[in-house]
K.L.:
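Can you keep this structure in mind? I'll have questions shortly.
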Amino acid sequence: MSQKSTGELRNELQEAPSLDVYIRENEGEFLHKEFSQYLVECLAQRGLRKSEVIRRSGLSEVYAYQILAGKKRAERDKLICLCLGGGLCADECDRVLRLAGRGKLYPRDRRDAILLYCLDKGLGVAEADDLLYEAGEPTLLS
């Protein structure tokens, strides 16, 4: 079963005979997971240990474990560090950010475009910070 696009869902909502019908027909499309649960699932699918991802993320070990356990509401950049450290793609990172209420990466924003490039190319946090620094943008681990 493929996921419907946001546009498709919006059109269905506008055309639905009632809210109840829309919700019943699209129950599987709603976001029900916590960002931490989704992030941990992505890491597990890659066979990665949390400790390795945390090391690659450059974050404090205690803080990163609290994020992954859902005990801390992480800043956007910290979540991006974990996504880069876990080798997530841009779409997966966007979903983590969206589930955390942190706003997805926007390709019209210069800094976000650099981060999207890094995610698409499988670069790590150090490489991302180098590119951000070279472009005169704030780094992730500043």
Side-chain angles (χ1 to χ4, degrees), residues 1-16 19-142:
M1 178 177 172
S2 66
Q3 190 176 20
K4 295 178 185 177
S5 73
T6 303
E8 289 172 316
L9 289 171
R10 182 72 175 116
N11 288 337
E12 286 184 27
L13 181 58
Q14 289 174 333
E15 296 172 8
L19 181 58
D20 289 337
V21 169
Y22 172 80
I23 290 173
R24 187 175 51 254
E25 290 178 356
N26 291 290
E27 189 60 45
E29 299 292 330
F30 298 118
L31 301 174
H32 294 290
K33 294 182 181 180
E34 292 290 324
F35 78 89
S36 55
Q37 179 187 5
Y38 177 72
L39 180 54
V40 169
E41 286 174 8
C42 288
L43 302 177
Q45 288 171 355
R46 288 168 172 73
L48 297 172
R49 293 188 333 263
K50 290 179 188 177
S51 60
E52 179 64 18
V53 173
I54 291 169
R55 186 187 61 73
R56 290 184 199 167
S57 76
L59 300 177
S60 145
E61 189 174 329
V62 171
Y63 182 64
Y65 272 113
Q66 290 174 335
I67 293 169
L68 292 173
K71 295 179 180 178
K72 284 281 186 191
R73 182 169 157 84
E75 297 171 17
R76 187 174 190 252
D77 282 355
K78 305 306 184 213
L79 292 171
I80 293 169
C81 286
L82 286 169
C83 291
L84 287 166
L88 274 65
C89 70
D91 288 341
E92 292 167 323
C93 182
D94 273 345
R95 185 155 189 212
V96 168
L97 294 173
R98 194 170 58 249
L99 288 170
R102 294 298 189 200
K104 65 184 211 167
L105 293 165
Y106 185 54
R108 289 191 183 268
D109 179 274
R110 185 174 184 213
R111 184 172 187 267
D112 282 2
I114 294 167
L115 294 169
L116 285 165
Y117 175 86
C118 293
L119 288 159
D120 287 340
K121 300 298 181 187
L123 302 179
V125 175
E127 294 93 348
D129 268 356
D130 287 346
L131 290 174
L132 289 167
Y133 180 80
E134 290 170 11
E137 296 291 338
T139 58
L140 292 167
L141 295 174
S142 47

K.L.:
Measure the CD1-NZ distance between I67 and K50 for me, rounded to the nearest 0.5 Å.
P.N.:
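Answer for the CD1-NZ pair, I67 versus K50, is 12.0 Å.
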K.L.:
Measuring from atom OG1 of T6 to atom CG of L13, what distance do you get when rounded to the nearest 0.5 angstrom?
P.N.:
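Rounded to the nearest 0.5 Å, the OG1-CG separation comes to 12.0 Å.
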K.L.:
Do you know the tightest heavy-atom contact between A113 and P107?
P.N.:
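Closest pair (atom of A113, atom of P107, distance): CB-O, 3.7 Å.
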K.L.:
Could you give the distance from OH (Y106) to CG (L116), rounded to the nearest 0.5 Å?
P.N.:
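If we round to the nearest 0.5 Å, Y106:OH and L116:CG are 12.0 Å apart.
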K.L.:
To the nearest 0.5 angstrom, please state how far the CG atom of L105 sits from the CG atom of D94.
P.N.:
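So the CG of L105 and the CG of D94 are separated by 5.0 Å.
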K.L.:
Which atom pairs, donor and acceptor, lie under 3.5 Å between side-chain atoms of residues 74-82 and protein residues at least two apart or in another chain?
P.N.:
unit_1	atom_1	unit_2	atom_2	d
R76	NE	R102	O	3.2
R76	NE	G103	O	3.1
R76	NH1	D112	OD1	3.1
R76	NH2	G103	O	3.4
R76	NH2	K104	O	3.1
R76	NH2	D112	OD2	3.0
D77	OD1	R111	NH1	3.1
D77	OD1	R111	NH2	3.4
D77	OD2	R111	NH2	2.9

K.L.:
Does any N or O in the side chain of R73 come within less than 3.5 Å of the main-chain N or O of A100, such that one atom is a donor and the other an acceptor?
P.N.:
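Present.
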K.L.:
Heavy atoms only: give me the nearest V53-G85 pair and the separation to one decimal.
P.N.:
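Heavy atoms only, the tightest pair is CG1-C, 3.9 Å.
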K.L.:
Looking at R46, I want to see if its CZ is surrounded by more than 12 non-hydrogen atoms of other residues, nucleotides or ligands under 6.0 Å.
P.N.:
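Atom CZ in R46 is packed in, count exceeds 12.
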K.L.:
Compare every heavy atom of S36 with every heavy atom of L68, then report the nearest pair and how far apart it is.
P.N.:
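Taking L68 first and S36 second, the nearest heavy atoms are O-CB, 3.4 Å.
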K.L.:
Checking the side chain of Q14 only, and the main-chain atoms of N11 only, is there a donor and an acceptor separated by less than 3.5 Å?
P.N.:
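Checking the backbone N and O of N11 against the side chain of Q14, no donor-acceptor pair under 3.5 Å is found.
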K.L.:
How many angstroms lie between atom CD of E92 and atom CG of L39, to the nearest 0.5 angstrom?
P.N.:
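CG of L39 is found 9.5 Å from CD of E92.
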K.L.:
Keeping E8 on the side-chain end and S5 on the backbone end, is there a donor-acceptor pair under 3.5 Å?
P.N.:
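Side chain of E8 to backbone of S5: a pair is present.
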K.L.:
Could you check whether any side-chain heavy atom of L119 comes within less than 4.5 Å of a side-chain heavy atom of D91, counting everything from C-beta outward?
P.N.:
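Side chain of L119 against side chain of D91, heavy atoms only: no contact under 4.5 Å found.
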K.L.:
Please output the side-chain donor-acceptor pairs of residues 123-131 that fall under 3.5 Å, not counting sequence neighbours, one pair per line with the distance.
P.N.:
unit_1	atom_1	unit_2	atom_2	d
E127	OE1	G124	N	2.9
D129	OD1	L140	N	2.5
D129	OD2	L141	N	3.3

K.L.:
Could you measure the distance from the CZ atom of R98 to the SG atom of C93? Nearest 0.5 Å is fine.
P.N.:
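Spacing of CZ (R98) from SG (C93) equals 11.0 Å.
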